[in-house]
Protein chains: 2
Amino acid sequence: MKTTRNTPAKTAILEIFEKSKTALSHTEIQKQLNDVCDRVTIYRILDRLMNDDIIHKISNLDGTVKYAKCNHSHQRVHIHNHAHFSCENCNEITCLENVKPSYIMPHNYKVKEINFTLSGLCPKCLNSDI
Amino acid sequence: MKTTRNTPAKTAILEIFEKSKTALSHTEIQKQLNDVCDRVTIYRILDRLMNDDIIHKISNLDGTVKYAKCNHSHQRVHIHNHAHFSCENCNEITCLENVKPSYIMPHNYKVKEINFTLSGLCPKCLNSDI
DNA sequence: AAAATAAAGCAACAATGTTGCGATTGTGTA
DNA sequence: TACACAATCGCAACATTGTTGCTTTATTTT
Ligand SMILES: [Mn+2]
Ligand SMILES: [Mn+2]
Ligand SMILES: [Zn+2]
Ligand SMILES: [Zn+2]
């Protein structure tokens with residue numbers, strides 16, 4: 001089988017995810033990394049972390065793509081059925097681990113993954129509002 | 001007030017949307033247009049159609065962005081709270097006008113828009129499966 | 001018909017992600 | 001501990017997608 005290695009770049013990226021309370025974009029990670037590694041390496045590490053179900057990808061309506069650590073316990077079947085919130089003011093994206101949509105699908109569809117992202121104002125920005 | 005004009009390019013794009021049963025990406029529209037207009041013009045027309053609530057935008061987990069005609073009756077408050085399905089096999093994205101997620105949000109969030117995209121296999125691809 | 005305004009074309013640029021390939025490094029095993 | 005070798009990295013090059021500024025063209029309004 002293909003073994004996965006612990007490299008300085010991977011470790012640094014994991015630490016960044018640990019510290020962050022919100023989801024991070026490739027660019028945000030790059031800025032925090034301070035040239036620990038190349039741009040391309042970040043993409044490749046993110047790919048690996050996704051394959052290993054350590055992080056998951058969140059895509060926003062405006063096309064932004066971010067990544068967040070997986071908090072749920074490692075299940076056999078790893079599904080990200082929780083919602084994400086994207087603040088249109090501060091642009092932060094957070095996992096709402098407890099918000100899980102319920103819905104009724106027509107027959108003949110096989111659903112494998114869901115992407116449920118809500119946008120608007122986060123609590124922080126809602127309070128500092130007029 | 002700012003008036004909006006009906007140009008050949010806009011008309012052509014609207015016809016393409018009318019004929020299409022699935023959502024379309026900028027590139028797909030461009031191919032169908034056969035050089036009726038410039039690439040940039042397509043972007044600008046899509047922007048206008050979105051502003052006029054004639055089409056809506058759908059962003060997929062893989063980063064793909066597509067657009068689809070709005071079928072719902074024109075309401076005062078125009079919200080796209082229906083789900084979309086993205087087939088991982090044929091890559092077609094369709095509106096599921098009748099699938100509307102229900103969910104419970106924590107307090108202090110102001111939700112203005114939702115993006116609910118499911119992915120997996122569409123009926124067509126599920127049948128032609130093994 | 002002339003003026004005002006919306007839309008189009010074109011070129012240039014920016015952001016984001018991908019690929020190929022030679023060089024480097026982490027790690028299980030001798 | 002040293003070695004072998006697959007996994008990872010850096011770099012350059014490229015692709016795709018979307019944006020911006022400016023000039024020109026087309027459509028309305030007066
Ligand atoms: Mn997860
Ligand atoms: Mn709609
Ligand atoms: Zn916010
Ligand atoms: Zn399909």
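Comparing B:P8 and B:R39 against DNA chain D, the residue whose closest nucleotide sits nearer the 5' end is B:R39.
Nucleotide D:dT25 holds its P atom 15 Å from the CG atom of B:D38, rounded to whole Å. Computed from coordinates, the B:N60 CG to C:dG17 C1' distance equals 16 Å when rounded to whole Å. Rounded to whole Å, the distance from CD1 on A:I42 to P on D:dT8 is 16 Å. As a whole-Å value, the separation of B:D62 CG from C:dG17 P is 11 Å. Going from atom CE of B:M50 over to atom C1' of D:dG18 covers 13 Å, rounded to whole Å. Between the NZ atom of A:K66 and the P atom of C:dG17 there is a distance of 12 Å, rounded to whole Å.
Residue contacts shown for A:V65 are limited to sugar-phosphate atoms, with no base heavy atom under 4.0 Å away.
Distances shorter than 4.0 Å separate some side-chain N or O of B:T4 from OP1 or OP2 on C:dA7. Note on A:T27: every side-chain N or O is 4.0 Å or more away from OP1 and OP2 of C:dA15. Here A:T3 does not reach the OP1 or OP2 of D:dT8: none of its side-chain N or O atoms lies under 4.0 Å away. At C:dG9, one or more side-chain N or O atoms of B:T41 fall inside 4.0 Å of OP1 or OP2 (strictly under the cut-off).
In this structure, of D:dC9, C:dA8, C:dG9, it is D:dC9 that holds the atom nearest to the side chain of A:A9. Looking at the side chain of A:R48, the nearest of the listed nucleotides D:dC9, C:dG9, C:dG17 is D:dC9. Comparing D:dT20, D:dT8, D:dG10 against the side chain of B:R44 picks out D:dT20 as the nearest. Distances from the side chain of B:Y43 to the nucleotides C:dT19, C:dT16, D:dT19 place D:dT19 closest.
Between A:C70 and A:H80 there is a side-chain heavy-atom pair separated by less than 4.5 Å. The side-chain heavy atoms of B:I54 and B:F17, taken from C-beta on, include no pair separated by under 4.5 Å.
Within 6.0 Å of atom NZ in B:K110, 12 or fewer heavy atoms from other residues, nucleotides or ligands are found, so the atom counts as exposed in its surroundings.
Between the side chain of A:H26 and the main chain of A:R39, a donor-acceptor pair closer than 3.5 Å is present.
A:I16 CD1 to A:T11 OG1: the interatomic distance, rounded to the nearest 0.5 Å, is 11.0 Å.
With hydrogens and angles ignored, a donor-acceptor pair closer than 3.5 Å exists between the side chain of B:R5 and the base of C:dA6.
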